[in-house]
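Notes follow once the structure below has been shown.
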Amino acid sequence: MEDLIHYRLPLGLLGKLGAPFVKKQLAEIFRFRESALIKHFGEYVENAPIQKDLQATQKHEILN
């Protein structure tokens, strides 16, 4: 899963002063999201062998 975030703070230079606060909030949102995805789908392990019947079951659960 990949996210691409574009945002622009209002109020010009004054808005830029709030950038650290916004970045902190975004980081918290994505930390929460990551933990929720891990709870739901499990930890991601790159190149881990998956049994074919398990893989089919997981696809079915995601589609429904």
Side-chain angles (χ1 to χ4, degrees):
M1 182 174 292
E2 183 176 320
D3 295 294
L4 182 58
I5 307 296
H6 295 276
Y7 67 93
R8 182 176 301 153
L9 297 175
L11 305 175
L13 184 59
L14 185 60
K16 288 183 180 183
L17 294 174
F21 176 72
V22 172
K23 287 180 182 180
K24 181 181 178 194
Q25 283 186 315
L26 282 172
E28 289 174 10
I29 289 167
F30 285 108
R31 270 195 302 274
F32 171 79
R33 181 177 168 184
E34 179 181 18
S35 68
L37 288 170
I38 289 170
K39 284 180 187 176
H40 187 75
F41 294 108
E43 191 76 38
Y44 174 74
V45 179
E46 193 167 340
N47 298 326
I50 297 177
Q51 298 170 348
K52 289 189 179 216
D53 57 337
L54 176 61
Q55 191 175 23
T57 302
Q58 288 174 337
K59 286 181 183 178
H60 175 74
E61 289 173 359
I62 291 169
L63 295 174
N64 291 324

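Residues: numbered from 1 along the sequence shown.
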Single-linkage hydrophobic cluster I5~L9, side-chain heavy atoms < 4.5 angstrom: yes

Non-neighbouring partners of R8 that pass side chain to side chain contact (heavy atoms under 4.5 Å, CB included), sequence neighbours left out: none

Pairwise side-chain contact, H40 with I38, heavy-atom cut-off 4.5 Å (strictly under): no

pair K16-L11: side-chain heavy atoms closer than 4.5 Å: no

Neighbour count above 12 (heavy atom, 6.0 Å) for Y7 OH: yes

Neighbour count >12 (heavy atoms, 6.0 Å) for atom CD, Q25: yes

Atom pair CZ (R31) and CG (L26), whose distance is rounded to the nearest 0.5 Å: 10.5 Å

Connected via hydrophobic side-chain network under 4.5 Å: F30 and V22: yes

